[in-house]
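Have a look at the structure below, then the notes.
In what follows, chains carry the letters A, B, and so on, assigned in the order in which the sequence lines appear, proteins first and then strands, with residues in each chain numbered from 1. We use all heavy atoms of the structure for the numbers below, so side chains are in, but hydrogens, waters and symmetry mates are not.
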Number of protein chains: 2
Amino acid sequence: MGLTKTEIFSEQQNQIAVFAKAFAHPARVAILQHLFKMDTCVCGDLVIEIGLAQPTISQHLKELKQLGLIKGNIEGTSVCYCIDQENWNKMKKILNEFFDLDISAAGNCC
Amino acid sequence: MGLTKTEIFSEQQNQIAVFAKAFAHPARVAILQHLFKMDTCVCGDLVIEIGLAQPTISQHLKELKQLGLIKGNIEGTSVCYCIDQENWNKMKKILNEFFDLDISAAGNCC
DNA sequence: TTGTTTCATTGCAATATTACGATATAACGA
DNA sequence: TCGTTATATCGTAATATTGCAATGAAACAA
């Protein structure tokens, strides 16, 4: 049905999934990598850097912004985006807790 | 168009996206958490544990298996799944390299 | 004001994902 | 052999995602 049954999962499980979805597209990975690489903030250079149309980039930026991973500031006619450090670290913490689940017990059957 | 333009991105960017997609659904997060929690391997208990139909769980398991994050062994009529430690660690390394990009330079504009 | 630049939004088409009923398959016990 | 159990696969319906052309909105310069 294309509809995820979020109600049967824990809040934590849903949050992990929502954050993971942010990185589940190479364009968004590329955008974030570029925002990290540039010491000065980027705006529509992303359209040139990445090879996608402007509306497409704008849409990906919107998703990252709604998740809180990036911030955007209007500067004249252009918009300056950058990583939201606080939320980025929160996301890292939540995902790393999941990645670092104790593996010692599992993995001994197959 | 629903079709990701993978060809314009680097192999690394695509790989991050593919791994992230594994966690981009709470059911797969729940499956992996359960596989970590149980010291003995699980099979169709997942259908009971998680509240989804058997074909749906089977489909999610297939995706995780294709990615190499889990392994499955046939034991009689049931199938025993567990984390593939080697690939799990590979995935962790790739995603953490991305998460740990130097934040000092970025994030000072907004 | 008019034109330009930059970005967001809208609307749409194409593909992907999620979920499940029905069915197939494979191993086992009686 | 026959029935049971456990899982996989198929087919299908519904929703989500991706991408872009066209258009709108806002700031600026002339």
Nucleotide [N], atom [atom2] - distance to [atom1] of [X] in whole Å:
X	N	atom1	atom2	result
A/I70	C/dC7	CD1	P	13 Å
B/E63	D/dT9	CD	C1'	14 Å
B/E75	D/dT7	CD	P	10 Å
A/L46	D/dG19	CG	P	14 Å
A/I74	D/dC28	CD1	C1'	14 Å
B/K62	C/dA16	NZ	P	15 Å
A/L61	C/dT9	CG	C1'	14 Å
B/L64	D/dA8	CG	P	12 Å

How is [X] classified with respect to the nucleic acid when contacts are heavy atoms under 4.0 Å: base, sugar-phosphate, or nothing?
X	result
B/T56	base
A/K65	nothing
B/L52	sugar-phosphate
B/T4	sugar-phosphate

Subject >> Sidechain N-carboxylate O distance under 4.0 Å for A/D100, B/K92 >> reply: yes
Original post:
Is the distance from OP1 or OP2 of D/dT17 to the nearest side-chain N or O of A/H60 less than 4.0 Å?
Top reply: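 So the side chain of A/H60 is outside the cut-off, no N or O lying under 4.0 Å from OP1 or OP2 of D/dT17.
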Original post:
Without hydrogens or angle criteria, can the side chains of B/Q12 and B/E97 be said to hold a donor-acceptor pair below 3.5 Å?
Top reply: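 No, B/E97 and B/Q12 have no side-chain donor paired with an acceptor closer than 3.5 Å.
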Name the closest nucleotide to the [X] side chain, picking from [options].
X	options	answer
B/Y81	D/dA8, C/dT17, D/dC20	D/dA8
A/Q59	C/dA19, D/dG19, D/dT9	D/dG19
B/T77	C/dA19, D/dA6, C/dT9	D/dA6
B/K5	C/dA19, C/dT9, D/dC20	D/dC20
A/S58	C/dA19, C/dA8, D/dT7	C/dA8
A/Q54	D/dG19, C/dA8, D/dC28	C/dA8
A/L3	C/dA16, D/dT15, D/dG19	D/dT15
A/V79	D/dC20, D/dT9, C/dC7	C/dC7
B/P55	C/dC28, C/dA22, D/dC20	C/dA22

**OP:** Supply the atom-to-atom distance B/T6 OG1 to B/E11 CD, rounded to the nearest 0.5 angstrom.
**Re:** 11.0 Å
**OP:** Using the closest heavy atom to pick a nucleotide of DNA chain C for each, name whichever of A/I57 or A/F9 lands nearer the 5' end.
**Re:** A/I57
Subject >> Exceeds 12 heavy-atom contacts within 6.0 angstrom, atom CD1 of B/I74 >> reply: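 At most 12 heavy atoms, drawn from other residues, nucleotides or ligands, come within 6.0 Å of this atom.
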Original post:
Around atom CD of B/E7, are there more than 12 heavy atoms of other residues, nucleotides or ligands at under 6.0 Å?
Top reply: yes
Original post:
Got a donor-acceptor contact below 3.5 angstrom from the A/R28 side chain to the A/H60 backbone?
Top reply: no
